[in-house]
Amino acid sequence: MLDYVSDKLQDETRQGEAFSPFANDLNQYKKRFYIESYGCAMNFSDSEIVASILNKEGYGATSNIEEADLIFINTCSIREKAEQTVRKRLSEFKKFKKEKKGLLVGVLGCMAERLKLKLLEEEKLVDIVVGPDAYRSLPELVVEAEGGQKAVNVLLSRDETYADISPVRIDSNGVSAFVSIMRGCNNMCSFCVVPFTRGRERSRDADSILNECKDLFEKGFKEVTLLGQNVDSYYYVPEYSKGDHVIPITFAQLLESVANISPELRVRFSTSHPKDITEEVLHTMARYENICKYIHLPVQSGSSRILQLMNRTYTREWYMAKVERIREIIPDCGISSDFIAGFCTETNDDHLETLSIMEFSRYDFSYMFFYSERPGTLAERRYKDDIPAEVKKKRLQEIVELQNRLSMESNKKDVGKTFKVLIEGDSKKNDKEWKGRNSQNKVIVFPKEEFELSKGDYVQVHVIDCTQATLFGNIIN
Ligand code: SF4
């Protein structure tokens, strides 16, 4: 689930996940690091880059915090609650620091960027503070901190994309991987802290993206998700085309190139800003069976007045026309969204417009939150956070209830249909069942029966039942 008020995926089940990607004997490494990640998919992807940087310098990862010499926490600033979670976690690290002399604690990511030195002052146990564009300097910062200094690098960059760093995969299922294609964001949604914590938008070298995707496919991965705060504004000018004959690579072209790696490799992407997703992208999606028919298209509010205050740069009508266009070009496309209930000055009529845009768009799924003001954002500077908490909560509740109904209706429509499903692994509740996803990103659970299948295989599944969150089916022989 998404736990934020911006356009990035956040999986609730992964919050606080620690990882240990190296199966090798840890003793070969000079030191061991433990890294725990919070926030959006971008942060989890960054933790893989951090792991790769540290690993090259002789540090081995461990998922056991007690054996770590370095503890890192990759943080999220998007909501107050996310920051509170991290603060709480930091206080829990105190006991490890007491027990192990020389243990270093580092804060990475958006909170590091946002709070910088304040973090060192307030959280006495923190030794290292590193912003999202400064991970290359981590090994030197560790050395600095080992010498007793507090080590900080929160410089934002205009061109850092970590293009040449091959991320160490968290490898939670060995089937799906995130591939970062750009960093930062040039939009200035008034509620969002991302432009301040992750800096200006920059697109990663297209060849390095393609090579990473090919490499993943060769290693057995069957699905890549191209990641960025606003993937549709991907724009890369290759070295060879600079000068008089600039031939930029757009997101649609990048998507097509990745899809062409193999029809066996599924391609997803996240997140799309409604103003930037082009017809070219939609037609590319329609042309390729292996580009998944699913778009996360955050609307945030159904009221044009609120959208303007949010600086989303589209109106209600414009957004609705975009949804219609998606349904025309890709009739079976799954669409999900984000909502913020109770943004500054939101009236009940504005809220009713949000409910009605939900009915219109028939979202399969949504990430829903009430507004929480973030320091430093345009909204904090310009508007009063004037909607009482109980009103925010009530409106959010209505949004959640409506989404639950829409999700149920959407899933019921799938009963009786057959889908191609990519198997991701055993279902959570029963190891005699597989769990996978269809192209529309819906989770499908089905019995393994006598079929010789493994995770990473594609299989046709006939849907026989559903809940609001899951489809249930049987394998079609
Ligand atoms: S500013 Fe960028 S990251 Fe934040 S919500 Fe807007 S598009 Fe998304």
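Note: hydrogens, waters and symmetry copies are ignored here, and every other heavy atom, side chains too, is used. For ligands, and for the atoms within them, numbers begin at 1 and follow the listed sequence.
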- prompt: Can Arg312 be said to touch ligand 1, with heavy atoms closer than 4.0 Å?
  reply: yes
Report, in ascending order of atom number, the atoms of ligand 1 lying under 4.0 Å from any heavy atom of [X].
X: Pro195; result: 1 (S)
X: Cys192; result: 1 (S), 3 (S), 4 (Fe), 5 (S)
X: His273; result: 7 (S)

- prompt: Does a salt bridge link Glu353 with Arg305, judged by any charged N lying under 4.0 Å from a carboxylate O?
  reply: no
statement: Of Phe365, Phe369, Tyr363, the one forming a ring-ring contact (aromatic ring centres under 6.0 Å, His included) with Tyr367 is Phe365
- request: Under 4.0 Å, heavy atoms only, figure out whether ligand 1 is touched by the backbone of Asn187, its side chain, both or neither.
  value: both
- prompt: Quick one: salt bridge (Lys or Arg N to Asp or Glu O under 4.0 Å) partners of Glu279, sequence neighbours excluded?
  reply: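 Checked Glu279 against salt bridge (Lys or Arg N to Asp or Glu O under 4.0 Å); matches are Arg325.
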task: Might you work through the side chain to side chain donor-acceptor pair (under 3.5 Å) test for Glu346 and Ser301, ending with a clear yes or no?
output: CA-CA 10 Å; Glu346 187 187 73; Ser301 168; 4.8 Å; no
field: Any pair counted as salt bridge (charged side-chain N to carboxylate O under 4.0 Å, His left out), so long as it reaches residues 379-388, sequence neighbours left out
entry: Asp385-Lys392
- prompt: Any N/O/S atom, backbone or side chain, of Cys185 lying under 2.8 Å from atom 4 (Fe) of ligand 1?
  reply: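 Within the cut-off used here (under 2.8 Å), Cys185 places no N, O or S atom near atom 4 (Fe) of ligand 1.
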